Enquirer: 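My structure is below; once you've seen it, I'll send some questions.
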Amino acid sequence: QEVLAQVESTVRRQIVERTTLLAEQELKRGNLIASEAQWKSLLDVDPDNARAREALAGIEELLESRAASEEAEREAQRLRLEKARGDAIGFVRLGEEALGKGRSREAAELALFAFKAMPGLPEAEDLRKRAEAERLRAVERRVQEGERLLEEKQLDQALAAFEAALADDPRNARARAGIVKRRELQR
């Protein structure tokens, strides 16, 4: 029985040493959960192990600190997103105002700022689409005005209308054709 007791003692000591080594390795790696599990299994074998109790207390403190830090980071991220959304909504409102005053290019730029502040904001996409549609309508109105002015032989005013159309839509074929026609009529 004495031999059996010695064998049990030796096995227990080896388990304690091996488990302590594993727990410390996990702790050094920063794997607090795995280290905690090792220390707890050590206490199953050696309930009075002061080193395990001390390590568990330290791990618990680190986990609480990590949780508090993660919570603070989540709150900071939430506040950043809230601010970005507020900024984006502000840009959208300014864009709505510009669009209401017929300034479609400015409205489109403000929609872009809103997108940069808060990517994927539906209000910004809606503003961008409406500003683009209004820009195209304004270009069409200018081209039509230029064509009307050409018919009335008001060549300088026609040129100004076509150039204004091209300022908002440099590829507009009708505005370019109007400028060519104006030159022909001027000769």
Side-chain angles (χ1 to χ4, degrees), residues 1-101 103-137 168-171:
Q1 268 193 317
E2 191 176 310
V3 171
L4 187 57
Q6 281 182 332
V7 169
E8 281 182 13
S9 175
T10 300
V11 169
R12 182 173 290 202
R13 184 178 44 77
Q14 288 175 343
I15 290 172
V16 167
E17 288 173 1
R18 178 73 179 143
T19 305
T20 299
L21 179 64
L22 290 171
E24 288 174 346
Q25 286 175 343
E26 292 296 343
L27 190 59
K28 283 180 186 173
R29 289 185 191 131
N31 191 344
L32 300 180
I33 303 300
S35 180
E36 180 182 46
Q38 291 294 333
W39 288 117
K40 285 180 178 179
S41 71
L42 177 64
L43 287 177
D44 290 342
V45 176
D46 184 5
D48 298 325
N49 190 300
R51 190 171 181 185
R53 292 192 183 285
E54 182 180 307
L56 283 170
I59 289 171
E60 185 176 331
E61 191 175 301
L62 286 171
L63 287 172
E64 287 173 4
S65 173
R66 186 182 284 176
S69 177
E70 289 170 355
E71 179 61 31
E73 179 55 34
R74 279 192 298 276
E75 179 62 13
Q77 178 66 13
R78 185 189 67 74
L79 291 173
R80 282 192 295 273
L81 287 173
E82 191 175 293
K83 182 188 179 311
R85 181 168 175 74
D87 291 348
I89 294 296
F91 288 132
V92 168
R93 286 187 181 132
L94 289 172
E96 296 284 352
E97 186 179 308
L99 193 57
K101 294 178 179 177
R103 299 189 314 255
S104 58
R105 183 183 296 179
E106 182 182 340
E109 288 174 1
L110 288 162
L112 186 63
F113 288 147
F115 268 128
K116 288 180 180 178
M118 185 83 183
L121 185 69
E123 293 92 334
E125 176 61 15
D126 179 59
L127 174 62
R128 185 198 64 75
K129 286 178 181 176
R130 289 185 294 119
E132 177 62 13
E134 179 54 37
R135 182 188 67 81
L136 292 175
R137 283 191 295 271
D168 277 339
D169 184 4
R171 297 181 186 177

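Note that this is a predicted model, so its numbers are computed, not measured.
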Enquirer: Got a sec, which residues hit side-chain contact (heavy atoms from CB on, under 4.5 Å) with L121, two or more places apart in sequence or on another chain?
Expert: R85, A88, I89, V92, M118, E123, A124

Enquirer: Might you point out which heavy atoms bring A131 and L99 nearest each other, and give the distance in Å?
Expert: CA-CD1, 3.8 Å

Enquirer: Do you know the tightest heavy-atom contact between S35 and L27?
Expert: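 S35 and L27 have their closest heavy atoms at OG-CB, 3.5 Å.
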
Enquirer: Measure the CZ-CG distance between R128 and D126 for me, rounded to the nearest 0.5 Å.
Expert: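 So the gap between those two atoms works out to 10.0 Å.
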
Enquirer: Could you list the donor-acceptor pairs under 3.5 angstrom formed by side chains in residues 41-52, with sequence neighbours left out?
Expert:
residue : atom : partner : partner atom : Å
S41     : OG   : Q38     : O            : 2.8
D46     : OD2  : N49     : ND2          : 3.3
N49     : OD1  : R51     : N            : 3.1
N49     : OD1  : A52     : N            : 2.9
R51     : NE   : E24     : OE2          : 3.1
R51     : NH2  : E24     : OE1          : 3.3
R51     : NH2  : E24     : OE2          : 2.1

Enquirer: Can you name the side-chain contact (heavy atoms from CB on, under 4.5 Å) partners of I33, sequence neighbours left out?
Expert: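 For I33, the residues satisfying side-chain contact (heavy atoms from CB on, under 4.5 Å) (neighbours in sequence not counted) are N31, E36, L63.
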
Enquirer: Sequence neighbours left out, what pairs pass side chain to side chain donor-acceptor pair (under 3.5 Å) with at least one residue falling in residues 52-65?
Expert: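 For residues 52-65: none.
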
Enquirer: Would R29 and E26 satisfy salt bridge (Lys or Arg N to Asp or Glu O under 4.0 Å), going step by step from the backbone distance to the final call?
Expert: CA-CA 5 Å; R29 289 185 191 131; E26 292 296 343; 3.1 Å; yes

Enquirer: If I take atom CD from residue E132 and atom OG from residue S104, how far apart are they, to the nearest 0.5 angstrom?
Expert: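 Spacing of CD (E132) from OG (S104) equals 8.0 Å.
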
Enquirer: Identify each donor-acceptor pair in which a side-chain atom of residues 2-16 lies under 3.5 Å from a protein atom, sequence neighbours left out, and give them as a table.
Expert:
residue : atom : partner : partner atom : Å
T10     : OG1  : Q6      : O            : 2.9
R13     : NH1  : E17     : OE2          : 3.4

Enquirer: How long is the span from the OG1 atom in T19 to the CH2 atom in W39, to the nearest 0.5 Å?
Expert: 9.0 Å

Enquirer: With F113, which residues qualify under ring pair (Phe, Tyr, Trp, His ring centres under 6.0 Å), at least two apart?
Expert: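 Once residues adjacent in sequence are excluded, the partners of F113 under the ring pair (Phe, Tyr, Trp, His ring centres under 6.0 Å) criterion are F91.
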
Enquirer: Could you grab the distance from atom CG of L94 to atom CZ of R103, nearest 0.5 Å is fine?
Expert: 9.5 Å

Enquirer: Assess, by modelled atom type and distance only, whether the side chains of R74 and Q77 contain a donor and an acceptor separated by less than 3.5 Å.
Expert: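 Looking only at side-chain atoms, Q77 and R74 do not form any donor-acceptor pair under 3.5 Å.
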
Enquirer: Rounded to the nearest 0.5 Å, what's the gap from CG on L32 to CZ on R66? Could you check?
Expert: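 With rounding to 0.5 Å, CG (L32) is 4.0 Å from CZ (R66).
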
Enquirer: To the nearest 0.5 Å, what is the distance between CZ (R80) and CD (E82)?
Expert: 12.5 Å

